[in-house]
Amino acid sequence: ALTNIMNSLVFLTDGELRRIRKIITTTARRSDRGNAVIDACNDVYIKRLAINPNALKMSFWANHFEWQAVKDYPEIKGNILDFGCGSGHSDILLARNGMQVHGIDLSPVGIAIANYLRSLEPDEVKNIISFSVDDVTKAPPNREPFDSAWTSHVFEHIVEPGPVLRGLHQWLKPNAHILISVPLGHAYDDPGHVNHFSNTNELKAFLGK
């Protein structure tokens, strides 16, 4: 009850969160309800809105280590694909730092938030970032393959990595590099995590399947 009261006060005083709450509720109603995978992806934002709404704000991600770490890998360059981009906060921060990114996700709610946040950026950022609802396991739209890819907090949700990795071959140029970030062990754990990786070798073995 106290959490609900605190969240109500946050929405009363925060115009950014009020707008995002409207996007979440409106887009969730319009989505293809009944598709279990899409429903689960959308529910991430519905739960976040109720439990930790500040995590939907750009300021929450401004100094987050994961998007900052992308800059430490020079192989991740050119036109970058972020698959499982969620609400796009990290990609927008990468674009602010001059990186060209296209984010895709199965969640219409996540992409609606991402496109809203993109709309608030200056033209020099808008011109190098875009988002779409897409499935990386499906054939990509008719466009130039991406130079590299990154993904954050996706593979801990995936039972079988094969379709994702095979799909990426269609989205990326030959010999492209992929940067994968997953929680360490049970960090950031939630019921949607079907894998837990305590070291690099465990992640390699999983992807090697």
Side-chain angles (χ1 to χ4, degrees), residues 37-38 41 44 58 61 64-119 121-184 194-195 197 199-209:
V37 175
I38 293 176
C41 292
V44 169
M58 285 300 303
W61 299 92
H64 200 279
F65 71 93
E66 284 191 273
W67 75 263
Q68 292 181 332
V70 176
K71 297 182 293 182
D72 296 333
Y73 294 85
E75 301 91 342
I76 308 305
K77 60 186 178 180
N79 192 10
I80 303 166
L81 173 70
D82 176 8
F83 62 99
C85 69
S87 48
H89 291 83
S90 293
D91 293 330
I92 288 172
L93 290 161
L94 287 173
R96 288 181 183 178
N97 283 267
M99 301 183 81
Q100 183 177 351
V101 187
H102 179 72
I104 65 172
D105 201 279
L106 290 173
S107 170
V109 172
I111 295 300
I113 296 170
N115 279 319
Y116 164 66
L117 296 173
R118 176 184 176 273
S119 74
E121 296 295 310
D123 286 345
E124 59 266 27
V125 174
K126 289 179 185 175
N127 291 340
I128 57 174
I129 189 165
S130 55
F131 299 100
S132 63
V133 177
D134 274 304
D135 183 349
V136 75
T137 68
K138 309 297 183 184
N142 186 20
R143 61 177 297 161
E144 182 76 14
F146 291 90
D147 298 299
S148 59
W150 87 294
T151 185
S152 173
H153 290 224
V154 171
F155 279 99
E156 68 271 23
H157 296 275
I158 294 174
V159 175
E160 172 51 62
V164 173
L165 296 176
R166 287 192 294 272
L168 280 168
H169 280 286
Q170 301 180 78
W171 287 75
L172 301 174
K173 292 180 179 178
N175 302 314
H177 287 83
I178 307 168
L179 177 63
I180 297 171
S181 172
V182 294
L184 179 62
V194 295
N195 302 301
F197 307 103
N199 55 58
T200 304
N201 287 334
E202 290 183 3
L203 178 59
K204 286 181 178 178
F206 172 72
L207 297 175
K209 293 193 298 181

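Atom set for the values below is all heavy atoms of this structure, side chains included, hydrogens, waters and symmetry mates excluded. Source: prediction; values computed, not measured. In this chain, residues are counted from 1 in sequence order.
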Review point. Do His64 and Trp67 have ring centres separated by under 6.0 Å?
Key: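 No; Trp67 has its ring centre 6.0 Å or more from that of His64.
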
Check your understanding: Under 3.5 Å, is there a donor-acceptor pair between the side chain of Ser148 and the main chain of Lys77?
Key ->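 It does hold such a pair.
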
Review point. Looking only at atom types and distance, does a side-chain atom of Glu121 sit under 3.5 Å from a main-chain N or O of Ser119, one as donor and one as acceptor?
Key: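 Between the backbone of Ser119 and the side chain of Glu121 there is no qualifying donor-acceptor contact (under 3.5 Å).
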
Does a side-chain heavy-atom distance below 4.5 Å link [X] with [Y]?
X: Trp150; Y: Ile80; answer: yes
X: Pro140; Y: Asp134; answer: no
X: Thr151; Y: Val136; answer: no
X: Phe155; Y: Leu207; answer: yes
X: Cys85; Y: Ile111; answer: yes
X: Asn79; Y: Glu144; answer: no
X: Asp135; Y: Leu106; answer: yes

Exercise for review: Indicate whether any N or O donor in one side chain lies under 3.5 Å from an N or O acceptor in the other, for Ser107 and Asp105.
Suggested key: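 Checked: Ser107/Asp105 side chains show no N/O donor-acceptor pair below 3.5 Å.
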
Looking only at heavy atoms, what is the nearest atom pair of [X] and [Y], with distance?
X: Pro145; Y: Leu172; answer: CB-C, 3.8 Å
X: Ile129; Y: Val125; answer: CG2-O, 3.2 Å
X: Lys126; Y: Arg118; answer: O-NH2, 3.0 Å
X: Val182; Y: Leu203; answer: CG2-CD2, 4.2 Å
X: Met58; Y: His89; answer: SD-CD2, 3.5 Å
X: Phe83; Y: Val164; answer: CE1-CG1, 3.7 Å

Review point. Per the side chain to side chain contact (heavy atoms under 4.5 Å, CB included) rule, which among Asp82, Ile178, Val70 passes with Ile76?
Key: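 Of all the options given, the one that passes is Val70.
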
Check your understanding: Can you name the side chain to side chain donor-acceptor pair (under 3.5 Å) partners of Lys71, sequence neighbours left out?
Key ->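 Residues passing side chain to side chain donor-acceptor pair (under 3.5 Å) with Lys71: none at all.
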
Practice item. Specify whether Trp171 and Phe146 have parallel, tilted or perpendicular ring planes, treating 30° as the upper limit for parallel and 60° as the lower limit for perpendicular. Key: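 Plane angle under 30°, so parallel.
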
Review point. What do the steps show when you test Phe131 against Ile113 for side chain to side chain contact (heavy atoms under 4.5 Å, CB included), and what is the final call?
Key: CA-CA 10 Å; Phe131 299 100; Ile113 296 170; over 6 Å; no

